[in-house]
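I have placed the structure first, in the form of structure tokens, so that the comments after it can refer back to it.
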Amino acid sequence: MMSTFATITTLFVLSNAQSWVPSGDLPVDFTVTFSAPEMVYDVCNRDFSQSARNITVATTGVPVTPGETAMNPTAMTIKGASSGDMFTILMVDPDTPYDYVSTDEKPLLHMLITNITNADASTGAVIDPYRGPMPPPCSGDHTYHYLLLRQTADLSLTADDLPRYTPECNFTRLANRCLFEVANFISSNQLTTVGYVTMVGATDGYVRYNYVNNRGMSEADSCRGLDGYDPCPTAPPGSSSEKVMVSLSTVMASAWCLMFSFIVN
Ligand SMILES: *[C@@H]1O[C@H](CO)[C@@H](O)[C@H](O)[C@H]1NC(C)=O
Ligand SMILES: *[C@@H]1O[C@H](CO)[C@@H](O)[C@H](O)[C@H]1NC(C)=O
Ligand SMILES: *[C@@H]1O[C@H](CO)[C@@H](O)[C@H](O)[C@H]1NC(C)=O
């Protein structure tokens, strides 16, 4: 009885925190697929290997690694739509450890495609191209949400029409992507959510390799949490106390200062 109550309360609180997450059955069968290559990432004094596999992000919370989903999806399929429907697809991450990059209500935008016709995603206008997951070390699991939205008319917006958000979020590669107001975007463009899939991933060898080799983060920070390196901060991943802890550490420790400048999703 208590646990049922607790579960219901938890579900209520969770669904309240991300008001843009749809509930119940949705009318359109929407899938996102990836073709992961076989790879080995040599970083942090070890080899991280990744096997080749095809992944279909069709149900809630499909586990993936960032390395497997680094490249564009190989397909995004839309089945069961009415002919003549136009769609928008967006992908967001609410789980970055920085409040000026994402919150539950205003996640980080990873992809935005509008004006999809003939139930064929390749017909759409790519407003913001796909950016693969790059969850920083010690930030826990990130859930990447894909929403299929039915339009009532064509959308003429461009990337320049998207809001510029906070001054702190001024990294070129995140332009127009921080604190994306999903609920407001949906209502102001009169969109209806008709399909929804999610995938869940955490830091992997690919992410650590890229932070060290392509983003100039120190090995100590990029490898944090692995045997032989400093442990992660102790607050539960993704908790608000962790966010506070990360911001405090940022001010107090130069290691975290570095991390701060290599923004992250
Ligand atoms: C992934 O799917 C493609 C196309 O169906 C196929 O050619 C390929 O062998 C599959 N790869 C794996 C690792 O199963
Ligand atoms: C969306 O479609 C309309 C009508 O075809 C077009 O005028 C508009 O430019 C399109 N928007 C984009 C971003 O391609
Ligand atoms: C970006 O934001 C940082 C932190 O607020 C600031 O120090 C820097 O001057 C800003 N850069 C630009 C180009 O606005």
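Computed from a predicted model, the values in this text were never measured in an experiment. Only this structure's heavy atoms are used, side chains among them; waters, hydrogens and symmetry mates stay out. Numbering of ligands and ligand atoms starts at 1, following listing order.
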Which pairs, with at least one residue in residues 18-132 and sequence neighbours excluded, count as a disulfide bond (SG atoms under 2.5 Å apart)?
Cys44-Cys223
Can you list the atoms of ligand 1 that are under 4.0 Å from a heavy atom of Ala52?
13 (C)
Less than 4.0 Å between [atom] and some protein heavy atom, yes or no?
atom: atom 2 (O) of ligand 1; value: yes
atom: atom 11 (N) of ligand 1; value: yes
atom: atom 14 (O) of ligand 1; value: yes

I want to check something: taking the side chain as every heavy atom from C-beta on, are Phe34 and Met71 in contact at a cut-off of under 4.5 Å?
no
For ligand 1, is there an atom lying under 4.0 Å from some heavy atom of Ser35?
no
Using the rule given for side-chain hydrogen bond (donor to acceptor under 3.5 Å, both in side chains), can you reason through Tyr229 versus Asn45, listing the C-alpha separation, both sets of side-chain angles and the distance that settles it, and then say yes or no?
CA-CA 10 Å; Tyr229 294 90; Asn45 287 313; 3.1 Å; yes
Go through the steps for Val197 and Val62 under the test side chain to side chain contact (heavy atoms under 4.5 Å, CB included), then give the verdict.
CA-CA 9 Å; Val197 294; Val62 172; over 6 Å; no
Side-chain (His110) to main-chain (Arg131) donor-acceptor, under 3.5 angstrom:
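Side chain of His110 to backbone of Arg131, a donor-acceptor pair under 3.5 Å: yes, one is there.
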Nearest to atom 6 (C) of ligand 1 by heavy atom, Thr74, Thr33, Asn54, Ile55: which?
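That would be Asn54.
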